[in-house]
Amino acid sequence: MIINLHVNGIKKSFDINPDEYLVEVLRRYGYLSVKKACDTGSCGVCTVLVDDSPVLSCSYYAVRANNKHITTVEGISGEDRSLGEFLVDEGVDQCGYCSPGLILTVIAMKKELENPTKESIVEYLTGNLCRCTGYVGQLRAIMRYMGVSE
Amino acid sequence: MITFGDYIQPKSVDEAYESLISKKSARLIGGGCFLRMGNRRIGLAIDLSQAGLDYIKDAGEEIEIGAMTSLRSFETSELLKEHFGYMIGDSVKHIIGVQLRNIATIGATVYSKYGFSDPITALLALDADICLYQGGRMALGDFLKEVGHRRDVLEKIIIKKSNKRGSFQTLRNSQVDYAILSVAVVDDEKGIRISIGARPGRAALAIKAMEYINSKGLCEEIASKAGEIAAEELHYGSNNRGSGAYRKELSKILVKRALLEVSK
Ligand SMILES: Cc1cc2nc3c(=O)[nH]c(=O)nc-3n(C[C@H](O)[C@H](O)[C@H](O)COP(=O)(O)OP(=O)(O)OC[C@H]3O[C@@H](n4cnc5c(N)ncnc54)[C@H](O)[C@@H]3O)c2cc1C
């Protein structure tokens, strides 16, 4: 079946099967920043934004995204791009495999949390696993990006 | 891996139910997160996302929560927070992450009667009802006691408004693992309700502990005793997250903690 997605602001048609997950479709059409990892809905690596909300693209049926706006890391622009600099400044980007999912989740979090605190940031990001960094440096960078002090 | 034969997006619950009973291999799709962990071919996939079941409504004396409401909407709803405080949010915040909770649905959760379910534990303490398309309205407690699964569409969950104060307590090996045990306590005009889930069996009410505490009034000593009664009256089993003996001990602590929290 054919669905229409607005990916990173551009409307396109996608030929899908109804039992396909969004991650499969996006990767098939070249959005390779969307990564696959645990494939059980547990790690957050495949996160994309659907109408600005973070979802696991490994568990979200592509058909449900019909006519919706999808953001992948390729589509990040403006102020949101500075998050990468905060992460690099803290030297926390290691293998980088989880970064696209993390970055998109943080961007959604910034829009969603009204008065962010360290606790609410940690709670929001529990669904993003990283096997390299140990989270401490990442948290420092994200708190700076969110304007939250220790 | 899950594959579909036919696929439909019914526009109403009537249509969804008719399709469900039309074919033995038909299956409803809620968020689809739990289904995807299995391996099967679904002859007819009935996607409920367009059936008008995504809402949280103020219905006067009650609040209605449509089956397709995501766990995240359930968690962040101001209406639910206003009436039932933080216990609803607390009962879902450990489920993986925001990204999964934006997909997984409350209707599928309740319908599936998972023993490990945190929100079922909270809803049972809140004395919620459910509404099935064919089976009509019934108490969640009665639904949970039924063996097996009805072939029906769960339409909504209904919570009566009242002056409820609640607490949700859980212990897990790590933040987003399944619970070793979960306890919910609600105090309102009708008295205190104590629900214990992830025993690892389905959530159940600790009736004797409730009778005890409702006849005594709440203080630290009575809360400890109520925890001991709850530990004795329910069955606690073992799985790879904890032994039955450990769960039984833990129930004393979590029941006491939840009771003291609502007494504040
Ligand atoms: C990786 C992972 C970890 C989890 N960890 C936890 C946890 O720690 N604590 C916890 O409480 N929960 C946990 N859950 C469960 C989660 O909270 C949901 O309960 C679960 O995913 C079901 O919701 P769904 O919308 O994904 O259901 P689906 O996969 O869509 O459906 C599940 C079942 O319900 C049926 N169904 C769907 N909607 C309806 C309806 N309206 N009426 C009748 N039948 C229906 C389907 O046919 C299917 O049989 C976890 C889930 C996953 C995937």
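All values reported here derive from a predicted model rather than from experimental measurement. Within every chain, numbering begins at 1; the chains are lettered A, B, ... in the order of the sequence lines, protein sequences first and strands thereafter.
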* Asked: Between Ile95(B) and chain A, which part of the residue has a heavy atom less than 4.5 Å away: side chain, backbone, both or neither?
  -> neither
* Asked: For chain B, which of Val63(A), Val50(A), Leu129(A) has the most heavy-atom pairs under 4.5 Å?
  -> Val63(A)
* Let me know if Thr105(A) has heavy atoms under 4.5 Å from chain B in its side chain, its backbone, both or neither. => side chain
* **Region of Glu20(A) that comes under 4.5 Å of a non-hydrogen atom in chain B** => neither
* **Under 4.5 Å from a heavy atom of chain A, the part of Gln9(B) involved** => side chain
* Asked: Does Arg36(B) make a cation-pi contact with Tyr21(A), if we ask for NZ or CZ under 6.0 Å from the ring centre and within 45° of the axis?
  -> yes
* Go through the atoms of Asp39(A) and report whether side chain, backbone, both or neither lie under 4.5 Å from a heavy atom of chain B. => both
* To do: Would you please indicate if the ring centroids of Tyr61(A) and Tyr7(B) are separated by under 6.0 Å?
  => no
* Consider only side-chain N and O atoms of Ser49(B) and Asp47(B), and report whether a donor and an acceptor are under 3.5 Å apart. => yes
* Using non-hydrogen atoms only, which part of Arg72(B) is less than 4.5 Å away from chain A: side chain, backbone, both, or neither? -> side chain
* **When Ser53(A), Cys58(A), Gly44(A) are compared by non-hydrogen pairs under 4.5 Å with chain B, the top option** => Cys58(A)
* To do: Select, from Val98(B), Leu35(B), Ile2(B), Ile42(B), the one with the greatest count of heavy-atom pairs under 4.5 Å involving chain A.
  => Val98(B)
* To do: Please work out which of the three classes, parallel, tilted or perpendicular, describes the rings of Tyr145(A) and Phe86(A), given edges at 30° and 60°.
  => perpendicular
* Can Thr71(A) and Asp52(A) be counted as having a side-chain donor-acceptor contact under 3.5 angstrom? -> no
* Asked: Of the listed residues (Gly127(A), Pro54(A), Ser42(A)), which shares the most heavy-atom pairs with chain B below a 4.5 Å separation?
  -> Pro54(A)
* **Minimum heavy-atom distance Ser59(A)-Ile103(B), with the two atoms named** => O-CG2, 3.8 Å
* To do: Check the surroundings of atom CZ in Arg81(A): do more than 12 heavy atoms from other residues, nucleotides or ligands lie under 6.0 Å from it?
  => no
